[in-house]
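Chain letters run A, B, ... following the sequence lines, proteins first, then strands; residues in each count from 1.
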Number of protein chains: 2
Amino acid sequence: MQVRQLAEMLGVSPDTVRYYTRIGLLEPKKSIDNGYKFYSPNDQNRLRFILSARDLGFSVDDIKQIFHKADEGESPCPTVRRLIDNRLHETEQRFQDTLRLRARMHVAVESWGDKPDKRPSGNVICHLIDDFNKMPE
Amino acid sequence: MQVRQLAEMLGVSPDTVRYYTRIGLLEPKKSIDNGYKFYSPNDQNRLRFILSARDLGFSVDDIKQIFHKADEGESPCPTVRRLIDNRLHETEQRFQDTLRLRARMHVAVESWGDKPDKRPSGNVICHLIDDFNKMPE
DNA sequence: TGTAAACCTGTGAGCTGGACACAGGTCAAG
DNA sequence: CTTGACCTGTGTCCAGCTCACAGGTTTACA
């Protein structure tokens, strides 16, 4: 199976498959005559797993570690539990950051509604941004 | 003023100041004798603006556009209003994505609580992830 | 049989917003 | 005069792909 066929089967772009191949998550065989990469059913299975893990927030490096354990016949589950703990904290952090940013942006847009446009002057580049930054908490 | 002094004054790392300089947001003069970059009070003002804009979710490219308008004496405000509209949509999208991911992760961790570790077998790499992906909505 | 267009491939580079490595310059203490 | 601490600019790297490109392959049609 070539890259495009595998990609379409699992609903990702060929470039994505190439990327996972490049970093060693997939290990297709190289055809002798044309140099094309040939993906096995096992690669197909691995890709399916990669996509599942990705949807749970695992990084490709996480997935690499999981594969490493599994390839040695050990249970990757303890690793998985440990890794998702870290990712969960990161995601929570990102969530809070995004939440705060969103609120800030809404307040800014709101407060800019009845303010005029102004030309830059002195050390004020855009009074909307400059003034908003100075606003009381 | 040299890079470190400017950086400390506004609470960022020298590397950050170098980065903004490299991409053209700051334009210090090069000292003739030692090649060091010399930042003016105007650079200081620009950096302050950059940090304010950054805190409102503007990208460095956005800020470049804003500076471009302002440097030509035009009002950057219409640009600013247009740009924050885009960024607001993006932030909302990222917020929703992060929210969904966070929920998914919580559900996963919850449901894994009473499941055992297993060794990989057949085409199951990690049953926690493989099975969770197959779970009903 | 030829051939031209459409499609496919692998590889290399680019994106954001900095962080880090490194070789060399500068300056005060001794 | 030298040692060491500190500072500098420049180049490279990070995730997770996406895009550009040159060339190979297959198909449509004459």
Side-chain angles (χ1 to χ4, degrees), chain A residues 1-39 43 47 49-65 67 83 86-87 90-91 93-94 97-98 101, chain B residues 1-39 43 46-47 49-67 83 86-87 90-91 93-94 97-98 101:
Chain A
M1 188 185 322
Q2 295 178 187
V3 61
R4 177 164 301 267
Q5 198 183 342
L6 174 59
E8 279 178 3
M9 179 171 306
L10 295 186
V12 296
S13 79
D15 276 330
T16 298
V17 175
R18 289 196 189 97
Y19 171 63
Y20 292 143
T21 304
R22 191 142 30 171
I23 63 173
L25 287 183
L26 301 176
E27 295 172 334
K29 284 168 193 137
K30 268 200 174 186
S31 165
I32 303 287
D33 46 339
N34 60 9
Y36 287 6
K37 280 154 184 165
F38 185 84
Y39 294 87
D43 285 318
L47 179 53
F49 181 85
I50 292 169
L51 299 180
S52 298
R54 193 181 65 170
D55 283 352
L56 275 172
F58 291 99
S59 73
V60 294
D61 191 75
D62 292 343
I63 299 171
K64 227 181 260 187
Q65 293 184 49
F67 277 173
L83 289 173
N86 300 339
R87 295 299 164 203
E90 288 177 18
T91 303
Q93 186 64 54
R94 231 187 28 247
D97 290 348
T98 311
L101 175 60
Chain B
M1 187 187 318
Q2 293 178 188
V3 62
R4 178 165 298 268
Q5 197 182 344
L6 174 58
E8 279 178 2
M9 180 171 305
L10 295 186
V12 296
S13 79
D15 276 330
T16 297
V17 174
R18 287 195 189 99
Y19 171 62
Y20 292 145
T21 304
R22 190 141 31 170
I23 63 173
L25 287 183
L26 300 176
E27 296 172 333
K29 283 167 193 137
K30 267 200 173 184
S31 164
I32 301 289
D33 48 338
N34 59 8
Y36 287 7
K37 282 156 184 165
F38 185 84
Y39 294 87
D43 285 317
R46 283 171 90 100
L47 179 53
F49 181 86
I50 292 169
L51 299 180
S52 298
R54 195 181 64 169
D55 283 352
L56 275 170
F58 291 99
S59 72
V60 295
D61 191 75
D62 292 343
I63 300 172
K64 228 182 257 187
Q65 293 184 49
I66 295 169
F67 277 172
L83 288 174
N86 300 339
R87 295 300 163 202
E90 287 177 19
T91 302
Q93 186 65 55
R94 231 188 28 247
D97 290 348
T98 310
L101 175 60

Revision key, fill the gap. Heavy-atom closest pair (A:Tyr36 atom, A:Gln2 atom, distance to 0.1 Å) is CD2-OE1, 3.8 Å

Review point. Is it true that the NZ or CZ of A:Arg87 lies under 6.0 Å from the centre of A:Phe58's six-membered ring and within 45 degrees of the ring axis?
Key: no

Check your understanding: For every nucleotide of nucleotides 8-20 of chain C, 5' to 3': is a protein heavy atom under 4.0 Å from its base (B), only from its sugar-phosphate (S), or from neither (-)?
Key -> SSBBBB---BBBB

Revision key, fill the gap. For B:Leu101 and A:Gly57 the tightest heavy-atom approach is CD1-N, 3.8 Å

**Study point:** A:Phe38 to A:Asp43 - nearest heavy-atom pair and separation
**Key:** O-OD2, 4.4 Å

Practice item. Kindly give the heavy-atom pair with the smallest separation between A:Arg54 and A:Val12, and that separation in Å. Key: NH2-CG1, 4.4 Å

Review point. Atom CZ of A:Arg94 to atom C1' of D:dG16: distance rounded to whole Å?
Key: 13 Å

Check your understanding: Taking atom C1' of C:dG25 as reference, at what distance in whole Å does atom CG of B:Asp33 sit?
Key -> 11 Å

